[in-house]
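Report on one structure; see the data block that follows.
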Number of protein chains: 2
Amino acid sequence: MDDTSDQTAVPRYLGVKHMIQQRISSGDWTPGQRVPSENELVADLGLSRMTINRALRELANEGVLTRIQGLGTFVAEGKGHTSTFEVRNIADEIAERGHVHAAKVLVLDQMRATPELADALQIEIGAPAFHSLILHSENDIPVQLEDRFVNPMAAPDYLALDFSRETPNRYLSATIPWTDAEHTVEAVLPASWEAKLLAISRADPCLAIHRKTFAGSHVVSSARLLMPGSRYRISSRQKAG
Amino acid sequence: MDDTSDQTAVPRYLGVKHMIQQRISSGDWTPGQRVPSENELVADLGLSRMTINRALRELANEGVLTRIQGLGTFVAEGKGHTSTFEVRNIADEIAERGHVHAAKVLVLDQMRATPELADALQIEIGAPAFHSLILHSENDIPVQLEDRFVNPMAAPDYLALDFSRETPNRYLSATIPWTDAEHTVEAVLPASWEAKLLAISRADPCLAIHRKTFAGSHVVSSARLLMPGSRYRISSRQKAG
DNA sequence: ATACCATAGTTGTCTGTACAAGTGAACCGG
DNA sequence: CCGGTTCACTTGTACAGACAACTATGGTAT
């Protein structure tokens, strides 16, 4: 019950982590400043080096500390307070609600890259690129318009797939695991043809998520997901470290 | 090149992690299935238990595995493909761009909780609550309208603070570290008074972030951040594990 | 003065051992 | 048949020691 007692209800490595985080949040240790070395902490706290090491390593993984071999351990710079959101595959999300997901393939063809597209996919202007336009619906109500461009080098058989059965997202992440992803979220008004497809008014605000995935230095795919603000929202719950 | 070679260029615990992730992604081990115990892996791979333990523990932290003391280690369920976003403190973000951040306090007072607010803050209807309305601007252009309600029990001195110097976000997270946070992002059209304050048209779509922070089971604060879609977007870059 | 080298101190990893704590099944006594 | 106990097995934590890899500094030889 009493947490200040000496009988350690909490693991020692957690105690070390808390101590360090308190020193940082209290302003005692400032960003960029060096924190005591493992051996110093071993001597100060009377714990084994493996225990100290685990505490410091986990704090480094969490972004609280920065460790440089041969140099020392430092309080990580700023990073302020960040809140994280998670965006899931739309088909999974709908299925989890117990609703019916359907995808209508509106466009699935090959095209020549426009200057902007060539820049986005990091290919030559006029080079071939795959394009798909898919309307996702939940219980027959359209909820997402997926406009996607794919690098043919990454997925040569893209045009032969049946995306009414498996979403491009799922196919791509299963066959070409990405190493990096870039996201942008913004609020926009739909173009007239987009509003028509989503069966909303042109004045209805939409969430637009732009997602670009990389495999190494190559661009795999660039997609724009447009969702009516009245029917979709991103939610998440986060625990502090 | 050959990963089965004995000259370990990569640390052994990383090799174990990769081996396990490959078994999972290849479908060899399916979600929910039990993976070999630490002792079995020790015998199979000829490594020490601490090395195996580190590999399994890190994979569990990353959400790939689920470990239950006394039972075993299991492949984590689905979780599909999630993409994460990070939303930072607006003042930090503006400062990082080298621009000037200014905050204008429009409202800062005490009020009696309406039924909805009482529900949001988990207090009694009619109980006192603090309310602040702050307009954030970047180089004199309004970029965010922050409408915040604070639980007086959590921050009794809230009304005495000068939020033109320090944002409520920074003050609250410094004095009352939250343990949980709940977020929602949606696209909306601004109310007429909101459009007026942000100096935009009522037809301009906005990003609305609703953030609710908890300290234990108590609600600390509930805030709604409204940003013109034309002037703000959330971006992030993510690395795959 | 410059280039090279040795060295102390740091983090990174790995091993082997030990005990604690939790789970489930087999076992035994009533 | 029921209930408690014991036992094997699991993960969680902690320790002591060792070597490797890396960094900066100072000394040394040129």
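Letters A, B, ... are given to chains in the order of the sequence lines, protein chains preceding strands, and every chain is numbered from 1.
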| note | Taken to the nearest whole Å, CG/A/Asn61 to C1'/C/dG12 is 13 Å

| Does B/Arg57 put a side-chain nitrogen or oxygen below 4.0 Å from OP1 or OP2 of D/dT11? | no

| query | So, is A/Arg12 close to the D/dC15 phosphate, meaning a side-chain N or O under 4.0 Å from OP1 or OP2? | reply | yes

| message | Over all strands shown, is B/Ile68 touching base, sugar-phosphate only, or nothing at heavy-atom distances under 4.0 angstrom? | response | sugar-phosphate

| query | Over how many whole Å does the gap from A/Leu41 atom CG to C/dG9 atom P extend? | reply | 17 Å

| Does B/Asn151 reach the side chain of B/Ile123, with side-chain heavy atoms less than 4.5 Å apart? | yes

| query | So, for A/His183 and A/His210, is the gap between ring centers shorter than 6.0 Å? | reply | no

| How many Å lie between CD on A/Glu58 and P on C/dT13, as a whole number? | 14 Å

| Closest to the A/Pro11 side chain, choosing from D/dT11, C/dT10, D/dA14 | D/dA14

| C/dG16 P sits how many Å from B/Arg54 CZ, rounded? | 17 Å

| Atom-pair distance (CZ on A/Arg34; C1' on C/dT10), nearest Å | 7 Å

| message | From CG of A/Leu71 over to P of D/dA21, roughly how many Å is that when rounded to an integer? | response | 18 Å

| Would you call B/Ser132 and B/Phe149 a side-chain contact if the rule is heavy atoms closer than 4.5 Å? | no

| query | At under 4.0 Å, does any side-chain N or O of B/Ser37 touch on OP1 or OP2 of D/dC9? | reply | no

| Is there a donor-acceptor contact under 3.5 Å from the side chain of B/Ser26 to the main chain of B/Gln22? | yes

| message | For B/Arg211, is there an ion pair with B/Glu182 - N to carboxylate O distance below 4.0 angstrom? | response | no

| message | I'd like to know if A/Glu146 pairs up with A/Arg224 as an ion pair, taking the criterion as any Lys NZ or Arg NE/NH1/NH2 lying under 4.0 Å from an Asp or Glu carboxylate oxygen. | response | no

| request: Starting from the 5' end of DNA chain D, give me the residue, B/Asn39 or B/Asn53, whose nearest nucleotide shows up first. | output: B/Asn39

| task | Identify, residue by residue, the members of residues 42-52 of chain B with a heavy atom below 4.0 Å from DNA chain C, and return them in order of residue number, or none. | result | B/Leu47, B/Ser48, B/Arg49, B/Met50, B/Thr51

| said: If I take atom CD in residue A/Glu38 and atom P in nucleotide C/dT13, what distance separates them, rounded to the nearest angstrom? | reply: 11 Å

| message | Taking 4.0 Å as the cut-off, does a side-chain nitrogen or oxygen of A/Tyr13 come that near to OP1 or OP2 on D/dT13? | response | yes

| query | D/dT13 C1' sits how many Å from A/Leu14 CG, rounded? | reply | 10 Å

| task | Would you please confirm or rule out a distance under 4.0 Å between OP1 or OP2 of D/dT11 and any side-chain N or O of B/Thr73? | result | yes

| query | What pairs with B/Ala187 under side-chain contact (heavy atoms from CB on, under 4.5 Å), at least two apart in sequence or on another chain? | reply | A/Ala187, A/Pro205, A/Leu207

